Every structure is written in C-alpha cells, then in structure tokens.
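For ligands, and for the atoms within them, numbers begin at 1 and follow the listed sequence. All figures in this text were calculated on a predicted structure; none of them were measured in a lab.
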Amino acid sequence: LPTPTSSTTIRELEDLAILYRLVDEYQSRYGAAPYNISHWDPSGETLSTVLKALRLPQSPLVAPYIYPGHLGIQQDIVRRLGTFAAEQSCLVVPTGTNAILFATWWLKTLGCTHLLVVCPAYFPAFYAAEIMDLRCTKLYMRRENRSWLLPKDQILAAIRKTPLEIAIWITNPIYCTGKYFDTADVEFLKSLLDRRIAIVADECLCAVGHEVGPNLSDSDLFLGLYSPHKSVCLNAVKFAAMVFDVRYRQLFTDWADVFVGGLAASTHSAVLHFIGDNFSHFQHAFTDRINPVRTAVAQIVRDCGTSLDIDDGSIGHLITCYAPRIRGDAGDQPTFLREFISETGAVVIPGIRNHFSPELGFTFRLNLARACPQFYSALHRTVEYLSRR
Ligand SMILES: Cc1ncc(COP(=O)(O)O)c(C=O)c1O
C-alpha cells in the first residue's frame, strides 16, 4: 500500500478515547461513572427548566429539495446575527463542522497556502486545512488579568516571516472561555484585513449580539461562521451559517452542491426558529438558568485560594478553569488523569485537548449547563483535589 500523505488518525479523538477508557475503568471499580463536568450536553435539570421556553416552528417543507443557496431567508439570518456591512450574503449548512470545511476550501480558492490558527480552537479546523493543503501554524491567545488578548506581535512576525499567502483563523468567543475579543483586538484584525490578509472567524459558539463579524465585514476577505443554537446549548436543533461578501454568493451557492447537498427540514425549522421571536425568549430563559450557576461556580473556585482561577466577565455556558501550578501537559498524561478521576469522581476535558497553551498550566472546561447536585459535588471534589496537589 502507498504511504498515506495526510493524517489518518485524529489525535484529539484518540485522546478522548483514552479519557473514556479511564472512565470505564472507574465505573467497573466503583459501580458508577464519574460525573463529567465538561461534557457538551446539559443536565436533565437544566433541560427541564429551559425547554419550557422553547417553541420550535415546523418547517412546511417536507418533499422538495431544499437548496442551501435558495432558502430565500439569507438576509433575515444576517440581520438577526447583527449589523453587518450591506454587501453580505450567507449560506446555510447543517452544522458548524460543515462550515469549517467550507471555510478552508474558500481560503484555498483565494490562493491561501498558509493558515495561522489562533488557539485555543476547535480541532476540525486543523484537519480541514490539511485536506485543503493549507500549512497550519499555531499561535496562542495571551491570558492576562483574567482576560484574553491577541498575540499581535507574534501574528505580525509570522506574517513578515512567511512569503506564502497567509490567512488567519480566530475563534470568538475565545474557545471554551466565554470571553470575547476586545475593541483593540478587533481594530487590529481590521488592520490585517486592510493589508489584504483573509480572516475566518469561527463564531459558532458566539452569544448573539457579541459577534466580531459585523465589525470586520467591510472587507471582502472576512468570512464568519455562526451556529446560534449552539450558544444556548442546543445541538440537536441547529443550523450553521457562513456570512461572506456578496461577490462570493455564486461560488458558495454552487459549491454547496458539492459540500452539503439538500438541507433537512429540521435544519430549516432551526433557521425559522432563529429568525422568529422565540429564539431570544429562549436565550433569556437559558441565561437566567446559567448566570446563577456562574456565580456559584466562581465562589467555589475562589474559595479554594489562589491555586485555581477562572475568567472575569464570561458569557455563556462554557468556561475554563485554570490550575497554573500543575503542568499543562498533565492533561495529556493517562497517569495524571487516572488519579484525577479516581480522587474526584469527576471527569473533565483538559484544555490542552482544545489547543490551549500548555504554558497556562492544567486547564479544563466547565459546562455551566450541566448544573445539578452531582455537578456541584464533582466540582467541589475537583477544586479540593487540585488545590492540595
Ligand atoms: C467553536 C466551534 N465551532 C464549530 C463547531 C462545530 O459545530 P457542529 O457541532 O455543529 O458541527 C463547534 C462544535 O462544538 C465549536 O465548538
């Protein structure tokens, strides 16, 4: 057989498989699974509270082929996402992952050969880039005073160093932190677009109203990826939209036949939900459920002293907890993870698996939508264990 030229294994998934083997090990020893305080899915308690506020419209389209480019409500979606430049169009696809693949292909059509991925970031971007022959360089956001900043000097140095056509991939909010780009960083991104450097913003987890897209959309080299239901912890009712300069409309519409095909009525129903009145009602109900959890979690973390930290002013259900005294690569070590799970009865997704800088120490995601008695007990034990380590 010829030697494969690209990755055939996905490191992030192998890492997860190790984690879940440790979970099985714990379960067979103690008869119950450790509680996952990072998992995507909300707890039953959160669901039963917030689902009361969800009114999902049914799509009237049952039989016809729903072409993504012919949905007829693209402008409603763009308007609902924010005040973008007038010349924006959008294309609906079923998932954020579809949008990521499409985005890397768009970069390839622009002639880009090199991608600076500002991390942390959602992992499929690296593999999609590889498929499209984009060479990736990872740079890390800087965390200072419980906030996050773009590594501007490193970005400029990387641009100076490479003779290749370079593009930049950012994730807003900073992946799994609930923290958003500040005004100075948005201005910096604008200056890169002015220098004709393409930017893709993965805003699939962005709380509606906090997008950077509207501020960057004056440039034809900006592409924004959105999936608003994900920001309220809904993953089975959702769609994703790519927002781009109108000059690419035909290109995206045509290539949707290659990357996407026809949409399901459930995707259409999610779009109708988003542009209707109930989305913001649901968003309020979700925020009302999550914000008291945020306050309680902050108290639990800060009560343990200075060995653990979380960000100030996060928005949404996914946040990150930092244990700077423990090495960042501990999150990659089965022996550490085995001890962690066994001592705490909790399981976490370490930040290193989401491309957080190991220099931040051991970091892990907390999903505030998982709040329930087991969540709080697991969090207490986690905080107690990490602060005495
Ligand atoms: C930042 C980010 N972008 C894109 C995606 C992909 O979205 P989907 O699950 O709809 O494929 C995810 C998934 O969790 C994500 O976290």
* **Heavy atoms of other groups near R249 CZ, more than 12 under 6.0 Å** => no
* Asked: Is there a heavy atom in K230 that sits closer than 4.0 Å to ligand 1?
  -> yes
* To do: Go through ligand 1 atom by atom and flag the ones less than 4.0 Å from a non-hydrogen atom of I100.
  => 4 (C)
* Asked: By number and element, which atoms of ligand 1 are closer than 4.0 Å to a non-hydrogen atom of C204?
  -> 2 (C), 3 (N), 4 (C)
* To do: For the residue pair L19 and L16, establish whether any side-chain heavy-atom pair is separated by less than 4.5 Å.
  => yes
* Under the ring pair (Phe, Tyr, Trp, His ring centres under 6.0 Å) rule, what do H355 and Y122 come out as? Steps first, then yes or no, please. => CA-CA 8 Å; H355 300 271; Y122 186 52; 9.8 Å; no
* Thinking salt bridges, do E339 and R389 make one under a 4.0 Å N-O criterion? -> yes
* Report the part of L205 (side chain from C-beta onward, or backbone N, CA, C, O) that has a heavy atom under 4.0 Å from ligand 1; answer both or neither where that applies. => side chain
* So, is W40 polar-close to ligand 1, with some N/O to N/O distance under 3.5 Å? -> no
* To do: Please could you name the atoms of ligand 1 that Y175 approaches to less than 4.0 Å, counting only its heavy atoms?
  => 1 (C), 16 (O)
* For atom 3 (N) of ligand 1, which protein heavy atom lies nearest, and how many Å away is it? -> D202 OD2, 2.7 Å
* Structure fact -> Between V200 and A103 the two heavy atoms that sit nearest each other are CG1-CB, 4.0 Å
* Should you measure from each heavy atom of K238, which atoms of ligand 1 turn up under 4.0 Å away? -> 8 (P), 9 (O), 10 (O)
* Verdict with reasoning, L150 to F181, per side chain to side chain contact (heavy atoms under 4.5 Å, CB included) -> CA-CA 8 Å; L150 270 172; F181 283 93; 3.6 Å; yes
* Heavy-atom nearest neighbour in the protein, as seen from atom 11 (O) of ligand 1, with distance rounded to 0.1 Å -> T97 OG1, 2.5 Å
* Hey, what do you get for OG1 (T320) to CG (D311), rounding to the nearest 0.5 Å? -> 7.5 Å
